[in-house]
> 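A single structure is presented below for examination.
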Amino acid sequence: MENYLELKPHDATLLDLVRIMFTSDNSLAMKKSVETSELNHLRGLELRWIIFISLYVQKLLLYLKKPMAWLGYVIEMCLNLPSSNGGFWWLLLNILKGSVVKPDRSSVGVYTVRIAKFVSVLGCIIGTRVELDKNIETTDNRYGAALSIMASKLAYEHQAFGQSVIIDHWKMEVLGWFNFWNGKQHISHHLM
């Protein structure tokens, strides 16, 4: 059997954290918040301190999950407002007219021109370049690497945007777009 240590921040209470750090008998606190192959390894103060800090930080991140998701949504929407309205100056004009076009990603997965402009925060940071390097021909040895770089950048974007880039800019066919779910970490990944 392998040695393992699994922390369970969802199950840990503040009292459990105090018990882990300040009592020598951690069996009660450990049952709920820590799963390990050998309880004897948890006797040292240094390891208990690491467990305490790790659980505390994870609890803090769980607490901040919704506010951070909301902040990310607001930032993503603000970054996409200019492109949804035809540029910064058109956005200002639309604000004055009261006809601002709100960025919409609700129909992700449906290929439409309007939704194809919605870019993730990462896409805004890296840059919105979608064209392949015109100086590199398909017969060039560097073509595969250049295409892989651009495709890996698209892997973090919404499906509609990725499909529009592949079809409209690269003039290629989309063979598939796959969503993968990591059940242990509850994280979704998608690949082209």
Side-chain angles (χ1 to χ4, degrees), residues 7-14 17 50 52-134 145-172 174-192:
L7 302 179
K8 301 175 183 177
H10 287 73
D11 299 333
T13 64
L14 186 60
L17 294 176
I50 292 170
F52 171 80
I53 293 296
S54 298
L55 279 171
Y56 179 77
V57 169
Q58 288 179 33
K59 290 294 281 185
L60 180 65
L61 290 174
L62 286 171
Y63 177 73
L64 295 175
K65 180 180 178 180
K66 286 185 181 179
M68 293 304 288
W70 179 82
L71 180 63
Y73 172 81
V74 168
I75 290 171
E76 194 172 58
M77 287 297 159
C78 289
L79 290 172
N80 281 284
L81 267 172
S83 64
S84 295
N85 287 280
F88 181 73
W89 297 112
W90 284 107
L91 172 62
L92 291 179
L93 183 62
N94 287 346
I95 290 172
L96 293 174
K97 293 190 312 185
S99 60
V100 175
V101 177
K102 181 183 173 199
D104 181 21
R105 67 174 180 171
S106 62
S107 58
V108 171
V110 178
Y111 176 65
T112 62
V113 174
R114 187 179 88 165
I115 201 99
K117 293 183 178 186
F118 194 92
V119 182
S120 68
V121 173
L122 184 63
C124 291
I125 292 170
I126 293 174
T128 56
R129 180 182 146 220
V130 293
E131 299 295 334
L132 296 174
D133 191 346
K134 293 182 182 358
L147 182 61
S148 295
I149 290 169
M150 293 300 285
S152 64
K153 177 180 165 182
L154 273 185
Y156 294 97
E157 295 300 332
H158 304 287
Q159 182 177 354
F161 180 79
Q163 288 177 337
S164 72
V165 169
I166 293 167
I167 294 168
D168 299 334
H169 296 278
W170 297 357
K171 307 296 184 214
M172 295 180 183
V174 178
L175 298 178
W177 197 276
F178 306 96
N179 287 316
F180 298 96
W181 179 259
N182 184 331
K184 184 71 173 168
Q185 295 180 338
H186 307 292
I187 298 173
S188 178
H189 302 283
H190 60 266
L191 296 172
M192 299 179 275

> I need the minimum non-hydrogen distance between Phe161 and Ser164, along with the two atoms involved.
O-OG, 2.8 Å
> When rounded to the nearest 0.5 angstrom, what distance separates CD1 in Ile75 from CH2 in Trp70?
9.5 Å
> Can you find a pair of side-chain heavy atoms, one from Ile95 and one from Leu91, that are under 4.5 Å apart?
yes
> Side-chain polar contacts of residues 57-69 - donor-acceptor pairs under 3.5 angstrom, sequence neighbours left out - could you list them?
residue	atom	partner	partner atom	Å
Lys59	NZ	Pro9	O	3.1
Lys59	NZ	Ala12	O	2.8

> Quick check for you: to the nearest 0.5 Å, what is the distance between Ile53 atom CD1 and Leu17 atom CG?
9.5 Å
> Which distance, rounded to the nearest 0.5 Å, do you find between the CG of Asp168 and the CD of Gln163?
10.5 Å
> Which heavy atom of Leu81 sits nearest to which heavy atom of Pro103, and what is that distance?
CD2-CD, 3.6 Å
> Can you sort out the partners of Thr13 under side-chain hydrogen bond (donor to acceptor under 3.5 Å, both in side chains), two or more places apart, ordered by chain and number?
Asp16
> Can you list everything that forms a side-chain contact (heavy atoms from CB on, under 4.5 Å) with Leu147? Sequence neighbours excluded, please.
Leu132, Tyr143, Trp170, Met172
> Who pairs with Asn94 by side-chain hydrogen bond (donor to acceptor under 3.5 Å, both in side chains), at least two apart in sequence or on another chain?
Asn85
